[in-house]
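Input: a single structure, listed below in structure tokens.
None of these values were measured; they are calculated from a predicted model.
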Amino acid sequence: MRRHSVAVILAAALPLCGFGSCSKAQKPDIAQTVYVTVERTVAVPAPLTARCPVKRATQRTIESVVSAYNANVLSLEQCNSQLSAIEKLAPAGDHKQVKP
């Protein structure tokens, strides 16, 4: 019985090896030059990340409230221009659409 089981194992192993091709070692093809895209994060320039000033009315008069409102409109315009400059720093195709 032992000879029979050894013969079965050999009969099963030989076709798997291709009748001797298991002993032939082949070197894999190795690429000479490999190109890899490397992404890196860079800091945004400090002037573009500066906080925008917020003006508050010091008194509850119409003139004070209107003055604060006008100052805040200018501040919002400044912030929007800074955000536009930051968005222009991104490479083409990386822009993400954000719904307001």
Side-chain angles (χ1 to χ4, degrees):
M1 249 196 192
R2 257 187 145 153
R3 285 186 180 174
H4 178 67
S5 60
V6 171
V8 170
I9 291 173
L10 284 175
L14 284 176
L16 293 175
C17 290
F19 297 103
S21 64
C22 289
S23 61
K24 296 179 184 176
Q26 294 180 349
K27 292 185 179 181
D29 293 332
I30 299 175
Q32 298 298 322
T33 305
V34 178
Y35 295 98
V36 179
T37 302
V38 178
E39 295 183 14
R40 64 183 178 123
T41 305
V42 295
V44 177
L48 296 179
T49 59
R51 298 285 178 195
C52 298
V54 177
K55 175 75 173 170
R56 299 207 182 269
T58 54
Q59 300 174 357
R60 294 293 177 197
T61 63
I62 294 174
E63 182 182 347
S64 179
V65 171
V66 169
S67 175
Y69 172 81
N70 290 336
N72 284 330
V73 168
L74 294 174
S75 178
L76 284 172
E77 289 173 352
Q78 175 189 354
C79 282
N80 285 337
S81 67
Q82 287 174 275
L83 287 174
S84 295
I86 291 172
E87 289 172 347
K88 289 178 184 174
L89 294 175
D94 285 355
H95 295 290
K96 295 179 182 175
Q97 294 293 330
V98 178
K99 294 183 179 179

Notebook entry, point to check: Counting only N and O atoms by type, is there a donor-acceptor contact under 3.5 Å from the side chain of Ser75 to the main-chain atoms of Pro53?
Noted result: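 Checked: pair present.
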Check: Is it true that a side-chain atom of Ser84 and a backbone atom of Asn80 form a donor plus acceptor pair closer than 3.5 Å?
Finding: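 Flag set: sc Ser84 to bb Asn80 pair under 3.5 Å.
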Next item on the list: Kindly give the heavy-atom pair with the smallest separation between Ala68 and Lys55, and that separation in Å.
Entry: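 Distance-wise, the nearest heavy atoms are CA-CG, 3.6 Å.
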Notebook entry, point to check: Looking at Leu48 and Gln82, what are the two nearest heavy atoms and their distance?
Noted result: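 Closest approach of Leu48 to Gln82: O-NE2, 3.2 Å.
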Checklist line | Distance, nearest 0.5 Å, that separates CG of Asn72 from SG of Cys52 | finding: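 Those atoms lie 10.5 Å apart.
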Note to self: Within this structure, what is the CD-OG distance for the pair Glu63 and Ser67, rounded to the nearest 0.5 Å?
What the structure shows: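 So the CD of Glu63 and the OG of Ser67 are separated by 7.5 Å.
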